[in-house]
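Structure record follows, encoded as structure tokens.
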Amino acid sequence: MNASGAVTLRRPDDFHLHVRDGEALAAVVPFSAARFARALIMPNLRPPVRTTAEALAYRQRILAAVPAGAPFTPLMSLYLTDQTPAEEAERARESGCILGFKLYPAGATTHSDAGVTDIRAVYGLLERLQETGLALQVHGEVTDPRVDVFDREARFIDTVLAPLAERFARLRIVFEHITTRAAVEFVLGAREGIAATVTPQHLLMNRNALFAGGIRPHHYCLPVLKSEADREALCAAVRGGSPRLFLGTDSAPHARSAKESACGCAGIFSAHAALELYAEAFEAMGALDRLEAFAAHHGADFYGLPRNGGRVRLVKTAWDVPPSYPFGAGELIGLRAGERIGWRIAAVEET
Ligand SMILES: [Zn+2]
């Protein structure tokens, strides 16, 4: 950061993004296209995006929602099910725009009921995936309702992820949206080929934010916010500059009515201010000089993609987040709605 409170980055990528479909898609894509050069789009539509053909069709719908002239490239992930044929790995690789397969343990989060019920059902596919060099993107939580919700990530590491990483010793794995000290320790100490995404909310908030003055449905996501000790461990790891950690917002839009409900949906919408929120988090941890590598280098390097051209300039100027955004027939509540964010985007240079 220079003396005037500004930071300039190579154009960044969001390696974990939900954009839904239809009217919702049209409402949210412009926010990401204004900030990021590329995004890895998650496949948990209803029905899920399971095949290369479905992903290519979905990608066209996303491109149609990108504002004219915005150079934004959607990258795709396929939803892994117990029935995914092993040959899908080669088809995905040949497409040139699919980076991997997403493992959702069945029932772990929004629209994950078609997910994998037993990891052994997909060993054949994982074998082929390892050969292609594509990645496995993992929602890392066990789904056993007897396991405490705050312990599900740590339990997943011990019972699923660590054995999987050992069994498929060359499989490239992204442990998505890590939230705990246990996950940090696993990723930083793991073999080659293992990385993780980190969301803005897990750097900025701990679980107290779920109950600040009353129940806060717009702070509810999965994996759920964790303890302050966990948040500090995430910040320390990011501040340390490990190339295994990179930007993935997990921005996950739901209509206000689905969030503010007796059984509210999991997901925090952050695309309207994603880069600005990361800038706040990095400033708070005294690591603004690490933001560019986290946002624009580590993820591209992990996936073997060229780093983007162009620049984004952020300035330390507060702005008021609107109380809501239009979202099809409903409305969408962004993180920090009705409050302030300390950073804003001053300029984007596309090449
Ligand atoms: Zn997600």
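Ligands are counted one by one from 1 in listed order, and the atoms in each one are counted from 1 as well. This chain uses plain numbering: 1 for the first residue, then up along the sequence. These numbers come from the heavy atoms of this one structure, side chains and all, not from hydrogens, waters or symmetry mates.
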Cluster check Phe150, Ile268: I/L/V/M/F/W/Y, side chain < 4.5 angstrom: yes
What donor-acceptor contacts under 3.5 angstrom involve side-chain atoms of residues 164-175, with partners at least two apart or in another chain?
residue	atom	partner	partner atom	Å
Arg170	NH2	Glu131	OE2	2.9
Arg172	NH2	Phe302	O	2.6

Derivation and outcome, side chain to side chain contact (heavy atoms under 4.5 Å, CB included), residues Leu80 and Leu136: CA-CA 9 Å; Leu80 194 52; Leu136 182 70; 3.8 Å; yes
Every N, O or S from the protein that is nearer than 2.8 Å to the Zn ion (ligand 1): His16 NE2, His18 NE2, Asp250 OD1
If the plane angle is over 60° it's perpendicular, under 30° parallel, otherwise tilted; pick one for Tyr325 and Phe269. perpendicular
What residues form a side-chain hydrogen bond (donor to acceptor under 3.5 Å, both in side chains) with Glu90, not counting sequence neighbours? Arg128
Check side-chain hydrogen bond (donor to acceptor under 3.5 Å, both in side chains) between Asp250 and all other residues, then give those that pass, not counting sequence neighbours. His16, His18
